Amino acid sequence: MSDVVQRGSFELTLRRVLSDRAGMLSLAFIVVLALFAIGADAIAYLVGHSPVEQFRDTGLTPQGLPVPPSPEFLMGTDQLGRDVLVRLAYGARVSLLIGVIASLLAACIGVTVGVLAGYFGGWVDVVLGRLMDFVMSIPVLLCMLSLVSVFGTSIPLSVSVIVFFSWTIMGRVIRGQVMSLREREFVMASRTLGAGHLSIMVIDILPNLSVPIIIYTTMMIPTSIIFESTLSFLGLGIVPPAPSWGGMLSEAANNSIYMFAWWLILFPSVILLLTTLSFNILGDTLRDALDPKANFRPVKMRWRIWPKRSRSKGDAK
Amino acid sequence: MKRNLLATTMLGALALQFALPASQAAADPETGGTLRILGTAEVDRFDTVPPATAVTGNFFRAVQRQLVSFKASDDPDEQIQPFGDLATDIPTPTDDGLTYTFTLRDGANWDAPDGARQITSADVARGFKRMCNPSLPSPSISFFDGLIEGVTEFCEGFADIEPTPEAMKEYIEGNDIAGIETPSDDTVIFRLTEAANDFIYLLTLVPASPAPIEVLDYQPDSPDYRENYIASGPYTVESYVPDSVVHLVRNPAWEAESDPLRNAYVDEIDVIAGVQADAAMQQLQSGDGDMLYDIPVPPVTVQMLNMQGDDKISAVAQGSSKMVWINTVSDNNDGALRNLKVREALAYAIDRAAVVQQFGGEEFASPLHGIMPAGVVGHHEFNLFPTPDDKGDPEKAKALLAEAGYPDGLTLKMPFRNLGSDPAVAQVIQAAFQEAGFTIELIPTPASDFYARLITNFENAQNGVWDLVPSGWSPDWPGGAARSIYTPQYTYDGTHGTFNFSDYNNPEATELAEQALVTTDLEESRELWEQVDEMVTADVPTIPLVSLQTVMYHGEDVENFLPYAAGGQGDWTNVWLDR
């Protein structure tokens with residue numbers, strides 16, 4: 001007969017996370033990817049190729065075609081004779097950096113707006129709710145293209161565009177949660193004890209939102225990465241010759257070069273696929289682990305959808 | 001097989017006798033079938049008046065005839081040799097090069113609504129009159145304005161006419177251009193204000209086609225015009241579905257004996273729009289398509305097909321070139337680019353070998369060291385800024401830059417068009433300049449904005465929005481086209497030219513160019529253009545990169561694929577199908 005062990009909430013969560021094989025694999029991949037990105041300089045040093053150096057003699061055939069993977073170029077070269085492996089590593093930096101920063105920023109905005117709308121209700125909710133509707137109804141790609149062609153391409157602009165179009169989903173979820181939380185006894189108790197609005201929002205409500213925040217932020221990362229790749233693919237993201245995954249795919253698609261050089265499509269798209277998949281699975285794992293009895297499924301993270309209006313009765317007042 | 005006696009003005013006072021060779025004798029010509037031409041955009045113009053791109057020129061080759069045109073040929077010299085199309089031959093100018101008298105071919109007909117009707121000298125004159133109509137003027141009129149007597153006055157009068165078909169018809173039929181005389185139905189005389197030894201080439205332009213009287217009842221290129229299409233070539237438009245397909249069938253009024261340039265082997269031609277480059281190349285390779293319309297063969301495909309030894313790939317020179325424009329009007333870097341030494345440093349830094357590689361290798365692009373590309377009068381081998389193997393000389397460039405007072409290099413902005421191989425070429429240019437101490441900031445620009453909003457807007461040059469810009473140029477006609485390269489790009493008379501991006505002007509060179517155009521001695525003309533080329537190149541307003549060949553590819557079933565130089569494509573009217 002084994003002893004009954006008392007386990008804390010953290011330990012339980014950790015055990016659930018560790019027991020999810022898919023989640024652990026994803027986490028492992030993300031760690032490897034992060035190391036790949038951090039070690040980009042080391043990789044460039046080891047193979048002796050900078051990400052923008054054009055090896056026209058060794059990296060291109062006499063006809064000017066890229067060379068396939070070989071001991072010198074482990075993942076082959078691109079149409080300018082640059083090392084695909086090194087470019088992938090530097091591209092990982094861009095993708096991860098933009099993915100994580102944009103998601104964190106979007107989460108901050110989403111949480112703030114969601115909490116304010118949910119907590120105060122009334123006209124605040126009406127105004128902020130319509131704002132979210134408004135942002136969600138903008139055709140993302142079109143708006144993005146015009147913004148970028150007016151202001152020119154740059155990383156800060158890419159991040160701002162991604163953030164601007166990403167925070168609404170988080171905002172809606174948080175608003176819904178807060179609307180039910182604010183009716184709960186512990187909030188009433190605080191209020192009775194004379195706590196101010198800010199104090200209730202930050203001290204009482206926010207900690208209860210940690211689960212959706214963690215889950216949604218994790219799941220926003222792959223969307224942001226895809227978003228950045230889309231921008232770069234359309235030539236509106238990272239300015240060449242700096243590498244980014246979307247830009248690499250775009251260059252492969254340009255002039256049908258992929259019909260000859262399969263490695264130009266295969267490596268960037270596989271790494272992009274695995275990255276987004278890993279973050280999504282990790283998000284799922286975290287949700288299962290943090291909130292095993294929850295029956296909510298995250299709103300599907302897709303662009304240009306118009307989620308159903310979820311109006312509760314209290315909302316209509 | 002025809003023999004055609006030709007006196008050509010373009011190759012000196014020599015009257016050359018040409019025996020038109022029978023189309024490649026490898027296989028017997030086969031008649032019939034439907035030729036399938038694949039394009040991304042549709043045929044944008046049916047009327048001969050509005051601007052015609054080289055691509056549209058292939059369509060007009062099939063449906064309209066001009067006084068003078070080119071023969072479809074594999075021989076690079078013959079390709080750019082003007083031949084009489086509606087004209088029985090190429091006349092030698094009289095009156096010190098001021099008068100050209102053409103005789104029209106008998107049996108060259110309009111497909112008029114009431115049956116075949118002979119094309120007359122009045123139709124030729126009408127074609128010129130329509131060019132400056134106030135409803136849809138032709139940019140080509142600028143070539144004739146001031147050249148043919150009376151065009152300026154005619155166009156000035158026309159500008160005040162209300163742009164309705166009735167008013168325009170009345171003006172056209174009621175007024176004449178003084179310098180275009182029609183003494184009889186089959187004779188037309190052009191009187192010029194100054195000798196121009198490329199006048200014959202100007203007559204090959206599609207807007208110089210004759211026009212039947214019926215077209216005056218419609219607005220130029222209107223749906224009515226298209227509905228009541230009157231062809232003079234071997235084919236006519238049977239049906240047209242916008243953005244989808246133009247279907248050409250045989251023109252019943254066309255007589256083979258009257259047309260020495262077109263054999264019209266196929267029965268029908270479909271010009272299909274909406275096909276992307278990759279799909280088009282695959283359809284050509286599988287035999288589902290025959291030829292390409294406006295789709296350039298992607299350089300990578302060129303390289304691949306070359307590697308596989310595909311003999312269906314070929315090239316034709318149209319005088320296209322690529323260059324980098326230098327902004328000498330902005331105050332960026334305290335006007336550093338106005339310093340000749342800095343521009344020379346750029347000229348030494350450029351790696352042309354790498355640019356050639358990006359365009360598919362030596363067969364399709366050759367290093368260019370002057371402003372006149374291969375295939376154009378005035379092009380000759382010279383190199384004012386030689387570098388080993390054309391790979392650039394960064395050391396020499398650095399030294400010049402230091403001498404100019406910029407030992408730490410310069411930072412330059414270079415927007416590029418985000419389309420096709422342009423991004424790759426821009427990065428190649430960037431790498432070469434960086435090696436010589438320049439820092440190049442690349443600015444990707446959407447293709448639709450690049451020329452229209454960024455480069456042709458002179459304010460952007462003045463405000464220093466760009467310092468360098470990779471650009472390209474194709475003359476309006478092949479062969480004796482030096483004017484079409486020099487005048488729009490390298491002359492400035494006080495009003496900003498659309499394509500002279502930084503108001504470059506060299507009065508001495510312009511004077512030589514004027515002499516080159518006027519002289520009747522074509523050898524002298526060529527030498528003068530060569531001098532112009534060297535003078536302009538020494539000023540480094542642009543850094544010439546490469547002369548481009550237009551790459552052509554066709555399907556397995558297409559036989560007798562001979563390039564029509566003005567269209568940069570195989571001639572639709574001379575191929576036959578072997579299915």
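Quick note on labels: first sequence line is chain A, next is B, and so on, each numbered from 1. Bear in mind the structure is a predicted one, so any value in this text is a computation, not a measurement.
- B/L305 contributes atom CG, which lies 11.5 Å from atom CZ of A/F260 (distance to the nearest 0.5 angstrom).
- Between chain B and the options A/V239, A/V52, A/L65, the largest number of non-hydrogen pairs under 4.5 Å is found for A/L65.
- Using a 4.5 Å cut-off between heavy atoms, B/Q430 contacts chain A through its side chain alone, with no backbone atom that close.
- With respect to chain A, the highest number of heavy-atom pairs below 4.5 Å among B/V297, B/N306, B/N418, B/V428 belongs to B/V428.
- The shortest non-hydrogen separation linking B/Q358 to A/Q79 is NE2-O, 2.9 Å.
- The number of heavy-atom neighbours closer than 6.0 Å to CD of B/Q308, taken from other residues, nucleotides and ligands shown, is above 12.
- A/E251 and B/Q427 share a donor-acceptor pair across their side chains, judged by distance under 3.5 Å alone.
- For B/A277, no part lies under 4.5 angstrom from a heavy atom of chain A.
- The shortest side-chain heavy-atom distance between A/R56 and B/D351 falls under the 4.5 Å cut-off.
- With a 4.5 Å cut-off on non-hydrogen atoms, A/S250 does not touch chain B at all.
- A/L234 touches chain B through its backbone: at least one of N, CA, C or O sits under 4.5 Å from a heavy atom, while the side chain does not.
- Contact of B/F359 with chain A is not made at all, since no heavy-atom distance falls under 4.5 Å.
- Taking the side chain as every heavy atom from C-beta outward, B/P444 and A/P240 approach each other to under 4.5 Å.
- Once rounded to the nearest 0.5 Å, the distance linking CE of B/M304 with CD1 of A/I257 reads 9.5 Å.
- Neither the backbone nor the side chain of B/E435 comes within contact range of chain A; no heavy atoms are under 4.5 Å apart.
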